[in-house]
Amino acid sequence: MEPAAVPPPPANIGLRQLLMALGDSLVEVQTAPAGLDVEIRGVSLLDPEDPPTAQPGELVLVIGARGRAAHPALRAAGRDGAAAVVVKLDGPGQAEALSETAAEAGVALLSLRSEARWEQVNALARAALDDAPPGHAGEGAEEGDLFSLAQTTAILTSGIVSIEDAANRVLAYSRSTDSDEIDDLRRRSILGWQGPEAYLAKLREWGVFQHLHSSDEVISIDSHPELGIRRRLAVAIRSGDRQLGTIWVQEGSTPLSERSDQALLGAARVAALHLVRRRRELSEDLTLTRTLLAGLLEGSTGPQPLATHLGFDATRPAAVLGFSYGNTEVYGTPETVAAPELTHTEVTNLVSVHIAARHRSALVTQVDPRIYVLLPQLPRSIDIDTMRGWGQEITDAVRRHLGLPLRGSVGCVVPGLGDVPESRREADRILDAMAGADVSTAVAALPDIQAEVLVSEVLTLLSAHPEIRDPRLTALVEHDSRHQGRLAESLLTYLNCFGDVRAAAAQLHVHPNTLRYRMRRAEELTGLDLSRPDQRLLAMLQLRLPPSG
């Protein structure tokens with residue numbers, strides 16, 4: 001008898017993440033006695049006629065009970081272990097009294113803007129919870145979370161983004177630090193109101209809705225100051241012939257970026273996957289896709305399962321792009337780049353949006369500490385320069401918007417999906433070499449840095465096998481460590497400069513005679529004969545290893 005399946009842990013989200021998703025256009029924190037990292041595990045609506053009860057970890061929306069009438073709900077929420085309670089306030093005097101009750105009950109108190117509608121905050125809170133990964137709050141938003149996708153799109157377009165479903169209900173939106181940037185249409189949409197009828201009539205008159213219904217191209221809508229409306233871009237989110245929703249980008253105080261159209265196309269393709277998931281049509285399929293993709297990249301799963309699952313032609317060319325921004329291994333030594341907690345999600349979202357705009361079938365996954373892009377069904381005319389350009393656009397965007405020095409590699413184009421592991425291995429070889437070498441480019445293919453790749457692999461071999469190193473060079477490094485010397489560094493610089501004493505001395509910021517003395521001293525200590533090519537070659541390689549190697 002097979003053991004019973006263990007259900008996955010419920011999805012949850014930290015209160016801090018929920019507040020970031022909702023934004024201060026809807027709710028305001030009045031008090032949070034347990035801090036903002038408490039877990040939200042569900043959302044419930046409490047009607048005034050219902051007995052005040054709650055479930056552990058719930059966000060309780062207290063509908064219709066204001067002022068003193070909300071006190072019993074707060075006490076019951078604290079008694080039952082709810083995480084937070086949302087109420088509407090009668091006036092400024094109510095906040096203090098309710099906050100005292102909430103603090104005594106040990107539950108967070110949020111106030112809903114008087115103009116906001118309960119169904120809107122309910123829908124958005126549930127959407128944020130649906131997009132959260134199973135497990136513990138604080139682990140970061142799931143890859144492709146609609147709120148983080150909206151924020152990524154806002155960064156790439158320099159605009160203010162909202163994502164709507166096919167019924168024009170707002171599902172997610174980007175945060176804006178300046179309320180003056182938000183026009184009346186966006187403000188009303190977030191608060192659950194209908195947009196100005198005069199403007200909606202204009203959209204119908206101009207054929208905007210008809211365009212979005214029939215096309216996946218970006219459409220531009222001019223500003224209308226007389227209606228309080230700023231310039232916008234819009235694109236349909238589509239699954240086949242069906243429109244699932246729309247992404248709108250409002251221009252703020254600065255013009256939209258030049259590549260806004262491209263960013264919107266990519267965002268719409270990424271959003272489609274998650275709107276389909278929201279309808280629960282492909283929830284298991286998305287998990288299966290990730291599993292099959294990881295297996296294909298590692299070589300543990302053949303190509304046919306993924307090809308069958310997604311309808312790919314496994315015989316068409318494919319390639320892998322690799323990206324790394326830290327926590328890599330340089331000849332066995334950790335190389336760490338400090339990054340914010342949500343960097344993984346932010347970078348992966350940005351990569352997904354950019355590459356989806358360039359290649360519709362692209363799949364993105366993260367295998368710590370690297371991000372991989374599978375490019376299936378490539379045209380047979382594809383060339384390395386094109387894919388290098390795609391990678392360069394991504395690394396430029398990450399550096400510009402997130403301030404991270406992302407590195408990219410272009411794996412070889414292989415004949416079909418069955419050879420994808422070969423392309424992934426090549427992408428990894430390039431990233432390994434770029435981490436340990438002085439490479440001027442942020443994105444490289446093997447022909448660009450073949451020498452660096454081969455030297456990197458020789459150094460990896462030397463690092464893993466101390467028995468094939470020259471003990472005299474090891475002793476020189478140890479001597480420097482004991483005496484705070486620079487003999488090994490000076491010797492390597494001298495060899496890298498082909499024995500040009502003046503050039504090497506300039507790099508080391510010492511007098512040429514000082515360098516000559518160091519070379520003589522190194523030979524005396526080790527017995528090395530630098531006139532012999534083999535010894536010079538081995539010294540150039542071995543001295544590139546880190547001291548701990």
Rounded to the nearest 0.5 Å, how far apart are [atom1] of [X] and [atom2] of [Y]?
X    : Y    : atom1 : atom2 : result
H359 : I382 : NE2   : CD1   : 8.0 Å
T301 : Q304 : OG1   : CD    : 12.5 Å
E251 : S223 : CD    : OG    : 8.0 Å
I160 : Q250 : CD1   : CD    : 4.0 Å
I237 : T246 : CD1   : OG1   : 6.5 Å
R204 : Q210 : CZ    : CD    : 13.0 Å

Is there a donor-acceptor pair under 3.5 Å between the side chain of [X] and the backbone N or O of [Y]?
X    : Y    : value
T395 : Q392 : yes
R126 : V43  : yes
H211 : E217 : yes
D383 : D385 : yes
S174 : V161 : yes
S423 : C412 : yes
S260 : S257 : yes

What closest approach, in Å, do [X] and [Y] show between heavy atoms, and which atom pair accounts for it?
X    : Y    : value
Q30  : S99  : CB-OG, 3.5 Å
T254 : S158 : OG1-O, 4.0 Å
A125 : L18  : CA-CD1, 4.0 Å
G322 : A427 : N-CB, 4.2 Å
A263 : L156 : CB-CB, 3.9 Å
R238 : S214 : NH1-N, 4.1 Å

Using a strict threshold of under 4.0 Å (side-chain N to carboxylate O), is an ion pair present between D396 and R259?
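The answer is no: the pair does not qualify as a salt bridge.
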
Any ion pair linking D428 and R370 (charged N to carboxylate O, less than 4.0 Å)?
yes

Is any side-chain heavy atom of [Y] closer than 4.5 Å to one of [X]?
X    : Y    : result
L378 : M387 : yes
P376 : L417 : yes
V86  : W118 : yes
R380 : R316 : yes
L110 : L15  : yes
R360 : D216 : yes
L363 : L306 : yes
V364 : Q366 : no

Take L293 and Y372 through the side-chain contact (heavy atoms from CB on, under 4.5 Å) test and state the conclusion after the steps.
CA-CA 10 Å; L293 175 56; Y372 295 98; over 6 Å; no

With L74, which of V62, L98, V60 fulfils side chain to side chain contact (heavy atoms under 4.5 Å, CB included)?
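Exactly one candidate clears the test, L98.
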
Apply the side chain to side chain contact (heavy atoms under 4.5 Å, CB included) test between V443 and each candidate in L406, V410, I430, L321; give the one that qualifies.
V410

Compute whether any side-chain donor of one residue and acceptor of the other, for N349 and S352, lie under 3.5 angstrom apart.
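Distance-only check fails for N349 and S352.
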
Before giving the answer on side-chain contact (heavy atoms from CB on, under 4.5 Å), spell out for V270 and L149 the whole-Å C-alpha distance, their side-chain angles and the decisive distance to 0.1 Å.
CA-CA 8 Å; V270 174; L149 176 61; 4.1 Å; yes

For E205, I'd like to know if atom CD has over 12 heavy atoms of other residues, nucleotides or ligands within 6.0 Å.
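Yes, because the 6.0 Å sphere around CD of E205 holds more than 12 heavy atoms from other groups.
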
Could you check L375 against I355 for side-chain contact (heavy atoms from CB on, under 4.5 Å), going step by step and ending with a plain yes or no?
CA-CA 9 Å; L375 301 171; I355 202 63; 3.9 Å; yes

